[in-house]
Amino acid sequence: MMEEHQRLINNQADGDISLSPAGEDTLYEDAIKRTGYGKFHWLVLILCGWAVSSDAIEVLSVSFMLPSAEKDLSMSSQDKGWLNAIIFVGMMIGGYFWGSLADRHGRRTILMGSLTVNGLGGLVSSTSQVFWIFLLARFISGIGVGGSIPVIFSYFTEFQPKEKRGKMISALATFWMFGNIIAAGLAWSVIPRDIGYFSPNFKYNSWRIFVALCTIPSLSSAVFFVFMPESPKFLLSVGQNKNALSVLRLIYRKNNPRLSKYDVTSVVLDRDYRPTHQSDDRQRGCVSGMSQNLKSLMSTSGELFRPPLLRSTVVMLIINFSLSFGYYGLWMWFPELFHRVELYGGSPCDHHSTPPNRTDNTTKFLDSEWIYFSGFMTALSNLPGNLLTIYLMDQIGRKLLLATSMVGSGVSVFFIPFVRDRWQNLAISCLFGAVSTIGWNSLDVLSAELFPTNVRSTAFGILSGVGRIAAILGNVVFGELVDLHCSIPMILVAGLLVFGGLISIRLPSTVQTDIH
C-alpha cells in the first residue's frame, strides 16, 4: 500500500487534469459503489475515528487536570475561565482557516498538519511552568483541533457510497465518546499518583504527564495518515481525474483482492461539472501564494452565502449556535453542579453560605472520587444515543433525529433545578448526554452532506467556528447567571435548544442523495 501511495503522490505532483471523453465517463457515485465495501473502508473508519478521539481527548483533558494544576500555575477563578475558553477560541480560528485550505490543497495534507499542531501544542503545554505559556500552548493546540474536526469528516465522507453514508458518519461520530472515556480513564490512572520529576526550577508532575500522554493519539494519527491516499472526490473537484481513478483502483484492490481488475476506466464528479481551482502554487512566490490562498478562502466562503446554498447555510449556522451554546454552556458546568450538590445537598440551585459539617479531608476525598466516577458515567451515557443514530440515521432521516434530540435535550434541562441529591443530578446529566448525542451525530451528517465537495471543508469550518463562539458565550453567560439563580441559565439553554430543534425542519432531506 505504501508503494502504491507513493506513486499516487507522484501523480498528484504532475498535476494531471485531463478529462475522458464524455461517452466513457463514469459518475463518481457509481465508481465508488463498484469498489465494494470492505477492508479499506473499515481502515478509514478506524484511522479517522482515532483522530476524532484525539480531538475529544484534547478538548476534555483540561477539565480533568484543572484541580491539580490550580496551585502549580497559581490560577485565579478568572484564569480558569480563560483556560476553559481558550481552546474554543483556537478551534474557532483553526476551523475556518484549516477548512478553507483543505478545499484548496487537499484533505489529507491539511489533516496531517492540523493533527501535528494539536499534538505539539499539547506537548509544549505539559512543560509550561507559568500560566501564560500554558494558556498560549493550549490556544495553539485548539487551532489544531479546530482544523482536524471539519477535515476529518470531509475526508471520511468522500469515501462513502450514499447507501452507507449516514450510518458510517454516525459510526465515526461515536469515537468522540471513546475519546471522552480514554481521557477520564487516563486521568484516573495518572493524576492521583505521586510520580514525576521535581527540582527547584522545574516540575513535571503527574498532571503534566497526563497532559503529555493525551497528545499521543493526535501525533500518532498524523503519522498514520502519511500512508493513506487523498480523497478521490477532492481530486475530481480540482480536475485530477486520473489520480482519482488510481485511488479508486487502490480501494478496489484492498476490498477485492481475489477479483478481476476494476472495470471503471474514467470517472467524473458530474457530466457538467468543471473544476473550480487547478492552479499550481509551486510556481508562485510566498506572498503571491498567500494572496491566492486568501482569495480562494474568500471565494469559497462567499459561495456559502449565495443561492442555492444560502438557506442551508443560515439555518445550519443557527442550529450550530443553539446546540453549542446550550450543550457546552451546560456540559462544562456539570462538575460545578455536582460539587454544589455534594457539598450542600438539595438542589444545585439552592443558595448556601456554608457547607454542612464535614471535614476538609473527607470532602476532598468524596469530591475526587465523585468527579472521576461521574466523568465515566456521563461519557458512557453517550453510548445509547450513538448506537441509536447508527441504526436510525438512514431509517427515519437526519432532520427528524436532530429536531427530536434538540427539543428533548431542552425539555430535560428544565428538570435540573428539581434534583435533590447527587444520584439524581448524575441521572439527569446522563439523560442530557444521551439525548444530545443524537443531535450532534445528526448535525455532523448534515454538515457533511448539505454542501458540495469544493466548499465542504470550508462550510464545516465556518459552522464549527460559529459553534465555538457559542460555546465561549455559553460558558461566560452561564458563569454570570448561575449564582444569580441557576434556573435563569437553564431556561435560556432550554429555550435555545428547543428553538434550534424546531428550525431544523427547514433543512432539505439528504438521505441517500448524491453529494457533489
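These numbers come from the heavy atoms of this one structure, side chains and all, not from hydrogens, waters or symmetry mates.
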Begin from the C-alpha positions of Leu111 and Ser148 and carry the test side chain to side chain contact (heavy atoms under 4.5 Å, CB included) through to its verdict.
-> CA-CA 6 Å; Leu111 189 53; Ser148 59; 4.2 Å; yes
Indicate yes or no: at least one non-hydrogen side-chain atom of [X] is less than 4.5 angstrom from one of [Y].
| X | Y | answer |
| --- | --- | --- |
| Val117 | Ile140 | yes |
| Leu136 | Ile133 | no |
| Met228 | Leu47 | yes |
| Val211 | Arg138 | yes |
| Phe499 | Ile318 | yes |
| Phe210 | Ser61 | yes |
| Met316 | Leu446 | yes |
| Val315 | Ser504 | no |

Shortest non-hydrogen contact between [X] and [Y], atoms and distance:
| X | Y | value |
| --- | --- | --- |
| Gly122 | Thr215 | C-CG2, 3.6 Å |
| Val151 | Gly147 | CG2-O, 3.1 Å |
| Ser442 | Leu401 | OG-CB, 3.3 Å |
| Lys167 | Ile390 | CG-O, 3.4 Å |
| Ser322 | Leu496 | CB-O, 3.4 Å |
| Ala31 | Val267 | CB-CG2, 3.6 Å |

Expected output: side-chain [X] to main-chain [Y] donor-acceptor under 3.5 Å:
| X | Y | result |
| --- | --- | --- |
| Ser405 | Gly439 | yes |
| Ser114 | Ile110 | yes |
| Arg108 | Val226 | yes |
| Asn320 | Val466 | no |
| Trp98 | Ile143 | yes |
| Thr109 | Gly106 | no |

[atom2] on [Y] to [atom1] on [X], rounded to 0.5 Å:
| X | Y | atom1 | atom2 | value |
| --- | --- | --- | --- | --- |
| Met91 | Ile469 | CE | CD1 | 12.5 Å |
| Leu388 | Gln395 | CG | CD | 11.0 Å |
| Ser125 | Leu123 | OG | CG | 8.0 Å |
| Ser128 | Arg208 | OG | CZ | 7.5 Å |
| Leu317 | Ser312 | CG | OG | 10.5 Å |
| Arg107 | Ser231 | CZ | OG | 6.0 Å |

What do the steps show when you test Phe153 against Trp176 for ring-ring contact (aromatic ring centres under 6.0 Å, His included), and what is the final call?
-> CA-CA 12 Å; Phe153 278 90; Trp176 186 274; 9.3 Å; no
Applying side chain to side chain contact (heavy atoms under 4.5 Å, CB included) between [X] and each of [options], report the one that passes.
| X | options | value |
| --- | --- | --- |
| Ile149 | Asp55, Asn118, Asp444 | Asp55 |
| Ile181 | Leu383, Leu380, Asn382, Ile57 | Leu380 |
| Val264 | Ile32, Thr35, Leu245 | Leu245 |

Pair Lys162 + Glu449: basic N to acidic O under 4.0 Å |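 Result for this pair is no, no salt bridge flagged.
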Got a salt bridge between Lys233 and Glu29, using NZ or NE/NH1/NH2 to carboxylate O under 4.0 Å?
->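 Between Glu29 and Lys233 there is a salt bridge, with a charged N closer than 4.0 Å to a carboxylate O.
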Check the angle between the aromatic planes of Tyr37 and His41 and answer parallel, tilted or perpendicular using the 30° and 60° thresholds.
->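 The rings of Tyr37 and His41 lie parallel, inter-plane angle below 30°.
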Any idea how Tyr262 and Tyr252 line up, ring-wise: parallel (<30°), tilted (30 to 60°), or perpendicular (>60°)?
->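 Plane angle between 30° and 60°, so tilted.
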Please find out if less than 6.0 Å separates the ring center of Trp132 from that of Phe139.
->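 Between Trp132 and Phe139, the centre distance exceeds or equals 6.0 Å.
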What's the verdict on ring-ring contact (aromatic ring centres under 6.0 Å, His included) for Phe225 and Tyr155, showing C-alpha distance, side-chain angles and the deciding distance?
-> CA-CA 11 Å; Phe225 277 105; Tyr155 180 84; 5.7 Å; yes
Check whether the side chains of Trp50 and Ser220 place a donor and an acceptor atom closer than 3.5 Å, and report yes or no.
->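 Looking only at side-chain atoms, Ser220 and Trp50 do form a donor-acceptor pair, the distance falling under 3.5 Å.
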Is there a donor-acceptor contact under 3.5 Å linking the side chains of Asn386 and Thr437?
->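 The criterion, which ignores hydrogens and geometry beyond distance, is not satisfied for Thr437 and Asn386.
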Could you walk me through whether Trp440 and Val445 pass side chain to side chain contact (heavy atoms under 4.5 Å, CB included), step by step?
-> CA-CA 9 Å; Trp440 281 114; Val445 176; over 6 Å; no
List the steps and the verdict of side chain to side chain contact (heavy atoms under 4.5 Å, CB included) for Leu27 and Val268.
-> CA-CA 5 Å; Leu27 295 179; Val268 294; 4.2 Å; yes
Got more than 12 heavy atoms from elsewhere within 6.0 Å of NZ, Lys164?
->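 Not buried by this count: 12 neighbours or fewer within 6.0 Å.
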From CA spacing to verdict: side chain to side chain contact (heavy atoms under 4.5 Å, CB included), Lys242, Leu235 = CA-CA 9 Å; Lys242 284 189 176 180; Leu235 293 173; over 6 Å; no
